[in-house]
There are 2 protein chains.
Amino acid sequence: MGVKERRAREKEQLQRQILSAARELFVSEGYEKVSMRKIANKIEYSPTTIYLYFKDKADLLDSVCKETLLNLLNTLEQLKSDISDPVETLRKSGRAYVEFGLKYPQDYKLTFVIRPQFQKGLGLEEGSVGEQVFNYLREMVSECIRQQVFRQVDVETTGQVMWSAVHGVTLLLIDFPDFPWTERDKLIDTVIHTTIEGLK
Amino acid sequence: MGVKERRAREKEQLQRQILSAARELFVSEGYEKVSMRKIANKIEYSPTTIYLYFKDKADLLDSVCKETLLNLLNTLEQLKSDISDPVETLRKSGRAYVEFGLKYPQDYKLTFVIRPQFQKGLGLEEGSVGEQVFNYLREMVSECIRQQVFRQVDVETTGQVMWSAVHGVTLLLIDFPDFPWTERDKLIDTVIHTTIEGLK
DNA sequence: GTGATATAATTAACAGTGTTAAGTTAAATA
DNA sequence: TATTTAACTTAACACTGTTAATTATATCAC
């Protein structure tokens, strides 16, 4: 009676196939320029098959973004070892966040800019991966405050300030690649350093 | 022989009419969801007439964004009176920038997020309005450095850090309106205050 | 005022879009 | 082997940006 199991496995496999085809195309051509037919061609199925696995194009985007957030979360979680020096950990996390965005610029934009335009339910709801990412940041900041390194005692505000800084520099670097930026690493470091110093 | 002049005036008027119809629709429905036919309907011309005044849809977006940048520049320029207290002026400018973004969230996104996706030539080239906006910021920062209020002496980096902060918080507030943000004004003030303190 | 000219605006068309409903094929069950 | 069920496809709808060809209109010279 392993038939159902196999079929379920096959369904899951095709779903993943669709998803990764969609991601590849979204990243290389941009969400709007990718058609359901293009995705279908890539996986060698008819366009309508996709609708058996995803509600619509926005749902596809949704799933792609969820994966991206999971990747971001994993990247970050590998850093929270040193609780002894919370500021250094926060600094590293900030850097890792920006670097993630610059390593996968299109994925970052899809998740944090394009998606909100289509899905009003931002993907930061309770229990979501997005919330987990922000929880990670909250923890980092919380430890800094607990050890009385930061002036400001409001964890929420402090976290949001930090997020603003890294989100801002990430998007600017992605969106305006031809702007005469200061040397990349220097700019990123200065943004993070400035924010942390300002919070002390 | 004022015929040519009148004709030119009429052409210009229709061009402006198209532009303002496009802006209204872009803002209320989003760039992607607005069709040339919708714009044409609004101004009661056939769709193809638009192509006599604008190269294509991206060109329309381009013109809309240029206007937005001009508005932003005007808003900012009204503030640079007090050279005596450059930090206070910078603080006010930062607030004005964010408030502009939140007052016209769709225009802000069109200009700083959507447009870069279509026009690789970011609108920050030499002599452009975008450059003027950044020049304004440069001046503010420059004065702070001249009066030795800021630690960092690199005008470019300092300005870019400031821009990152305000851009970041503006976009986050626009894109994730349902996130449990700290009280808006407090968050904005803290972001700006933190950045300035960090730069001192 | 009439005819020629230039310019403004339109219609028709093309190749493409997301998505739905109906139809077909293939596989698992009885 | 016949029947049921799940997976997939075909055909269609109303729409998209954009181009080429066509029509209408207003200005000019006479």
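Quick caveat: nothing in here was measured; it's all calculated off a predicted structure. Order of the sequence lines fixes the chain letters, A, B, ..., with proteins taken first and strands second; residue numbering starts at 1 for each chain.
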Donor-acceptor pair (no angle test) under 3.5 Å: A:R37 side chain, C:dG18 base: yes

Protein-nucleotide distance (A:Y51, atom OH; D:dA12, atom P), rounded to Å: 18 Å

A:E29 atom CD is separated from C:dT17 atom C1', nearest whole Å, by 14 Å

Which of these, A:L171, A:V169, A:T170, sits in a side-chain contact (heavy atoms from CB on, under 4.5 Å) with A:H167? A:L171

Distance to the ring centre below 6.0 angstrom and angle to the axis at most 45 degrees; does that hold for A:K11 and A:Y53? yes

Please tell me which of A:L52 and B:K38 maps to the more 5' nucleotide of DNA chain D, matching each residue to the nucleotide holding its nearest heavy atom. A:L52

Find the distance A:L61:CG to C:dT19:P and express it as a whole number of Å. 12 Å

Whether B:S46 contacts C:dA9 is assessed here as follows: a side-chain N or O lying under 4.0 Å from the phosphate OP1 or OP2. Is that the case? no

With heavy atoms under 4.0 Å as the rule, sort B:L60 into base, sugar-phosphate or nothing. nothing

Between C:dT11 and B:T48, counting only base atoms on the nucleotide and side-chain atoms on the residue, is there a donor-acceptor pair under 3.5 Å? yes

Results of ring-ring contact (aromatic ring centres under 6.0 Å, His included) for B:F118 - residues two or more places apart only: B:Y31

Option from A:I196, A:T194, A:T190 for which side-chain contact (heavy atoms from CB on, under 4.5 Å) with A:I192 holds: A:I196

Nucleotide C:dG18, atom C1' - distance to CD of B:E32 in whole Å: 14 Å

I need the CD-C1' distance between B:E44 and C:dT10, as an integer number of Å. 15 Å

Just to be sure I understand the rule, does A:I50 reach a base, reach only the sugar-phosphate, or reach nothing, if contact means heavy atoms closer than 4.0 Å? nothing

Rounded to the Å, how far apart are B:D56 CG and D:dT16 P? 17 Å

Evaluate the ring planes of A:F112 and A:W163, with Trp represented by its six-membered ring, and classify them as parallel (under 30°), tilted (30 to 60°) or perpendicular (over 60°). perpendicular

What's B:Y45 touching, base or sugar-phosphate or nothing? Going by heavy atoms closer than 4.0 Å. sugar-phosphate

Spacing of B:F54 atom CZ relative to D:dT18 atom C1', expressed in whole Å: 16 Å

Go nucleotide by nucleotide along DNA chain C from the 5' end; which of B:T49 and A:P47 gets its closest nucleotide reached first? B:T49

Within the 4.0 Å heavy-atom criterion, would you say B:Y53 contacts the bases, only the backbone, or no part of the nucleic acid? sugar-phosphate

Sorted by position of nearest nucleotide on DNA chain C, 5' first, the leading residue of A:K55 and A:K33 is A:K33

Mind calculating the distance between NZ (A:K11) and C1' (D:dC8) to the nearest angstrom? 11 Å

